[in-house]
Protein chains: 2
Amino acid sequence: MEGKATIQDVARQAGVSIATVSRVINGQGGVRPKTEARIVQAIEELAYIRNAAARTMKSKATKTIGVVVPDISNPFFPLVMSGIEEKAREQGYIAFLSGTKESTVVEQNVLKSLIERGVDGVILTTADENGQHLTQFIEQDIPLVAVDRSLPHLEVDHVLVDNRKGAYQAIQRLILQGHERIAIICGPLSTTPGRDRLIGYKEALHDFHLSFNEAYVIEGDFSEQSGYDAVGQLYVLEEPPTAIFTCNNLMTTGCLKALDNLQWKLGRDVSVIGFDDIDLATFVQPKLTVVSRPMKALGELAFQLLHERIEMKQAIGKRSYQLSPELIIRESCMLK
Amino acid sequence: MEGKATIQDVARQAGVSIATVSRVINGQGGVRPKTEARIVQAIEELAYIRNAAARTMKSKATKTIGVVVPDISNPFFPLVMSGIEEKAREQGYIAFLSGTKESTVVEQNVLKSLIERGVDGVILTTADENGQHLTQFIEQDIPLVAVDRSLPHLEVDHVLVDNRKGAYQAIQRLILQGHERIAIICGPLSTTPGRDRLIGYKEALHDFHLSFNEAYVIEGDFSEQSGYDAVGQLYVLEEPPTAIFTCNNLMTTGCLKALDNLQWKLGRDVSVIGFDDIDLATFVQPKLTVVSRPMKALGELAFQLLHERIEMKQAIGKRSYQLSPELIIRESCMLK
DNA sequence: GTGAAAGCGCTAACAG
DNA sequence: CTGTTAGCGCTTTCAC
């Protein structure tokens, strides 16, 4: 019997009606033990596996969710994904994973593809926070939760990291060590993380009465290359910074490579604090001080919120969570 | 109109029959332009999105695949996944991603879950190469391709890396530099990569007339911790090795941490070659020599093979590919 | 306890 | 060119 036993086949084999088979498949009880045994046996003999598509047509739910991120290669997202996937599996869900390469168009297509397949909900780190491309999606009112990047114009749940606070702590640390010329390599200002980390930077400067200098703000694009290039720009300044705050894992990597290349000595000529506690952090000499955020927890929480939305159909207000990052002090910042 | 416009709704709105709507949805032509225009408009007005479940019931195909890996957190797999996902999307497929945490049972459940949902094919890095737990799956004869770990007893396509060769090159390099006490921290011998890299190690030793010493073989489990622990064992040997070959990214990381901890100086007291070119490699001092494998290409090829299987229904023999790893020589091996 | 039958939304003959 | 209709595999009343 090849890969297509249906509930019909099982019913025939067990000598009962499909209704009865359906009952035992779904554990609804009300079936005589002997009958049930026959059915169970038939199921095994035929290696019957139920067909979710057919089931979906009646019950609506697919027990399937979509996870859409800008870049699968960036280690940050798989970590978030691992949190999502684990919780999802526990609840009998299974997750699609798609990368958009930061393209709004791809994001739109992926989302459409997901809707077609009837996902019960979606966890999204959008490529475009203004979210206009999502209207079509919203109309279908499928639960959606935004992770890491916000969707300010949409009534959806958010799971973010307190970026402002993380940046503030980093800069504060630097200031308290006596630095006054502090640069920030921040992410795209069109993204929440990009913007908020810059805000935290400014707030710290302001609170400690340090002046703000445009030249010390370089806007990268979260890529390693942009981190690398930014350091180059900083290095040739008349008054180069004595400390640099890099705003994500990849840019930190790029920054460190550039430093190495320029012989601009980490922890001696220049202090550095990175965002995200990457493997690398404990390997460079001196070890890197970083702002660490709980990636897996981010994913777990995101799934939990989504799951709640899926279960209780009634409308509840938009919910926002900001997980706290933690400053892990190591050796890459010297007293000035 | 809320999220459930059907082909019926569209037909009514456009004043035609569902068959005609179906025709334009599927671009089959043979519809008068004016009619088509009316339908297209109706589709937009209703924000109609076709229902894959219903469609699947007729056509069978879901344009959906499953990707099952042992550990989502291990950066290796997301990289492979990115290759898969990109190619898949190009072909209109979308991929489920699941981690099994190296558990055969979880793998089985995940696979079942995937079959229920009608995936057209699966790309699998199995937790158990003997593959007995896969029989149920095979019966459904859904195309399957094994990546990174083989399934010797099954008639499925394989996409592997030439592990033997990669290890051989590494050990050869070490030997040519004069090392005679070379240790290997290998993966579980129950896995192809674990076994083959050890074989390459032995072959090189043999070819260069070096004796094989049990004590220099430590079997890890591909985790960072096991790499760390292995170094501890090696360090206390009466005659510690002068070179270590670590067999995957995580164990390399663990090894480097242990070295650092023991003050066993990389490149001076001990030479190291790692498997996989991780970020870390270029940051430790001295920079790490590694065997690098093309992860993304692995994923791309895997999807291509799977896709071919899905398309041409006729049976073709088992195909095996071994992509070549590359020895990237940096500074972590000194002349002996 | 169990079965018959009505769809779920869509595709694909088959008619007209 | 367009409409009618028969299922795809399953869940779910409603009878018996």
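A note on names: the letters A, B, ... follow the listed sequences, proteins ahead of strands, and every chain is numbered from 1.
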Inset, instruction - Under the side-chain contact (heavy atoms from CB on, under 4.5 Å) rule, collect the residues that match up with B/Pro78, sequence neighbours excluded. - result: A/Ile72, A/Pro78
Inset, instruction - Examine D/dC10: is either OP1 or OP2 under 4.0 Å from a nitrogen or oxygen in the side chain of A/Arg50? Give yes or no. - result: no
Legend entry - Nearest-Å distance for atom pair CD1/P, residues B/Ile7 and D/dC8: 19 Å
Inset, instruction - Figure out the CD/P separation between B/Gln8 and D/dG3, and round it to whole Å. - result: 12 Å
Inset, instruction - Could I get the full list of ring-ring contact (aromatic ring centres under 6.0 Å, His included) partners for B/His307, not counting sequence neighbours? - result: B/Tyr93, B/Phe303
Legend entry - Non-hydrogen side-chain atoms of B/Asp148 and B/Arg293 separated by less than 4.5 Å: yes
Inset, instruction - Specify the separation, in whole Å, of atom CD1 of A/Ile43 and atom P of D/dG9. - result: 16 Å
Inset, instruction - Report the residues that fulfil ring-ring contact (aromatic ring centres under 6.0 Å, His included) with B/Tyr321, sequence neighbours left out, ordered by chain and then residue number. - result: none
Inset, instruction - Determine which pairs satisfy salt bridge (charged side-chain N to carboxylate O under 4.0 Å, His left out) with at least one residue from residues 112-127 of chain A, sequence neighbours left out, and list them in order. - result: A/Glu116-B/Arg50
Legend entry - Contacts of A/Tyr48 that satisfy ring-ring contact (aromatic ring centres under 6.0 Å, His included) - sequence neighbours left out: none
Inset, instruction - Taking only the side-chain nitrogens and oxygens of A/Ser22, find out if one of them lies under 4.0 Å from OP1 or OP2 of D/dT11. - result: yes
Inset, instruction - State whether A/Asn26 places a side-chain N or O below 4.0 Å from either non-bridging phosphate oxygen (OP1 or OP2) of D/dT11. - result: yes
Inset, instruction - Please report, rounded to the nearest Å, how far the P atom of C/dG9 is from the CD1 atom of B/Ile49. - result: 15 Å
Inset, instruction - Look at the side-chain N and O atoms of A/Arg55 and state whether any lies under 4.0 Å from the OP1 or OP2 oxygen of D/dT11. - result: yes
Inset, instruction - Go through the structure and list residues passing side-chain contact (heavy atoms from CB on, under 4.5 Å) with B/Leu154, not counting sequence neighbours. - result: B/Leu134, B/Ile138, B/Leu151, B/Val156
Legend entry - Nearest-Å distance for atom pair CD/P, residues B/Glu36 and D/dG3: 14 Å
Inset, instruction - Whole angstrom is fine here: how far is it from CZ in A/Arg117 over to C1' in C/dC10? - result: 15 Å
Legend entry - Candidate nucleotides D/dT2, C/dA12, D/dG9, ranked by approach to the side chain of B/Gln28 - the nearest: C/dA12
Legend entry - Contacts of B/Ala302 that satisfy side-chain contact (heavy atoms from CB on, under 4.5 Å) - sequence neighbours left out: B/Ile123, B/Val145, B/Val147, B/Val159
Inset, instruction - Residues of residues 56-65 of chain A with any non-hydrogen atom less than 4.0 angstrom from an atom of DNA chain D: list those, numerically ordered, please. - result: A/Met57, A/Lys58
Inset, instruction - Would you mind reporting whether A/Ser73 and B/Ser82 have side-chain heavy atoms less than 4.5 Å apart? - result: yes
Legend entry - Matching residue for A/Thr100 among A/Leu124, A/Val69, A/Thr126, A/Val106 - test: side chain to side chain contact (heavy atoms under 4.5 Å, CB included): A/Val106
Inset, instruction - Sort and list the pairs that fulfil salt bridge (charged side-chain N to carboxylate O under 4.0 Å, His left out) and have at least one residue in residues 10-34 of chain B, not counting sequence neighbours. - result: B/Asp9-B/Arg12
Inset, instruction - Round to a whole Å and report the spacing from NZ of B/Lys4 to P of C/dG9. - result: 9 Å
Which atom pairs link the protein and nucleotides 3-5 of chain C when you take only N or O atoms and keep those under 3.5 Å?
unit_1, atom_1, unit_2, atom_2, d
C/dG3, OP2, A/Ser17, N, 2.8
C/dG3, OP2, A/Ser17, OG, 3.2
C/dG3, OP2, A/Thr20, OG1, 2.7
C/dG3, O6, A/Arg23, NH2, 2.5

Inset, instruction - By nearest nucleotide on DNA chain D, pick out whichever of B/Ala54 and B/Pro33 is the more 5' one. - result: B/Pro33
Legend entry - Partner residues of B/Glu102 under the salt bridge (charged side-chain N to carboxylate O under 4.0 Å, His left out) criterion, sequence neighbours left out: B/Arg149
Legend entry - Angle between terminal axes - the helix from C/dG1-D/dC16 to C/dG16-D/dC1, 5 pairs each end, rounded to 10°: 40°
